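Working notes for the structure below.
These numbers come from a predicted model, not from an experiment.
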Amino acid sequence: MGTAVSTDVPSIVAWCRGYLANLLDVPEAEVDPDVDFDRLGVDSALAVSLLVEVEERYAVDIAPEALFENPTITAVATYLHERLR
């Protein structure tokens with residue numbers, strides 16, 4: 001990681017929204033961070049892609065089950081923030 005990555009919850013939410021908007025090919029404003037992934041159109045392949053990118057970006061291993069236990073962007077960001085503390 002060459003540049004510092006912000007690890008506060010709002011920064012993680014913002015990054016995840018942008019990443020998923022790009023994957024889903026929708027405007028970022030349409031990616032509600034409080035809506036379940038399945039309602040956003042995130043299937044298992046996209047969820048795995050998000051998980052891999054989160055692990056790379058934040059240098060932390062997250063079990064795939066964590067996405068099922070934290071089924072929104074906000075929940076994942078909060079979970080990740082707690083793991084990074």
Side-chain angles (χ1 to χ4, degrees):
M1 273 192 307
T3 59
V5 174
S6 295
T7 58
D8 59 281
V9 173
S11 294
I12 297 169
V13 167
W15 179 82
C16 287
R17 282 182 80 192
Y19 182 78
L20 285 178
N22 185 51
L23 285 180
L24 296 167
D25 197 27
V26 298
E28 191 172 321
E30 290 183 18
V31 180
D32 185 335
D34 297 314
V35 169
D36 284 0
F37 289 125
D38 60 340
R39 290 194 52 216
L40 290 175
V42 176
D43 61 17
S44 58
L46 292 179
V48 168
S49 178
L50 174 64
L51 188 63
V52 168
E53 288 299 315
V54 164
E55 289 176 349
E56 274 188 31
R57 180 172 178 83
Y58 297 99
V60 64
D61 288 330
I62 298 176
E65 301 82 42
L67 291 182
F68 295 106
E69 295 165 1
N70 302 282
T72 68
I73 292 172
T74 299
V76 167
T78 302
Y79 174 82
L80 180 59
H81 176 72
E82 291 298 319
R83 303 246 359 242
L84 292 169
R85 295 172 88 197

Minimum heavy-atom distance between Ile12 and Thr7, given as atom pair plus value: CD1-O, 3.4 Å
Determine which pairs satisfy side chain to side chain donor-acceptor pair (under 3.5 Å) with at least one residue from residues 60-70, sequence neighbours left out, and list them in order. none
Minimal non-hydrogen separation, Ala47 against Leu67, with atom names: O-CD1, 3.3 Å
Residue pairs passing the ring-ring contact (aromatic ring centres under 6.0 Å, His included) test where at least one lies in residues 18-44, sequence neighbours excluded: Trp15-Tyr19
Ala77 and Val13: which non-hydrogen atoms are nearest, and at how many Å? CB-CG2, 3.5 Å
Minimum heavy-atom separation for Val5 to Arg57, with atom names? CG1-NE, 3.8 Å
I need the minimum non-hydrogen distance between Leu46 and Leu24, along with the two atoms involved. CD1-CD2, 3.5 Å
Taking C-beta and beyond as the side chain, do Ile73 and Val31 meet within less than 4.5 Å on heavy atoms? yes
Filter on side chain to side chain donor-acceptor pair (under 3.5 Å), then keep only pairs touching residues 22-41, sequence neighbours left out; what's left? Asp34-Thr74
Just grab all the salt bridge (Lys or Arg N to Asp or Glu O under 4.0 Å) pairs involving residues 71-82, residues at least two apart or on different chains. Glu82-Arg85
What residues form a side chain to side chain contact (heavy atoms under 4.5 Å, CB included) with Ser11, not counting sequence neighbours? Ser6, Asp8
Where Ser49 and Leu23 come nearest, the two heavy atoms and their spacing: OG-CD1, 3.9 Å
Which ILVMFWY residues can you reach from Val48 by hopping between side chains whose heavy atoms are under 4.5 Å apart? Val52
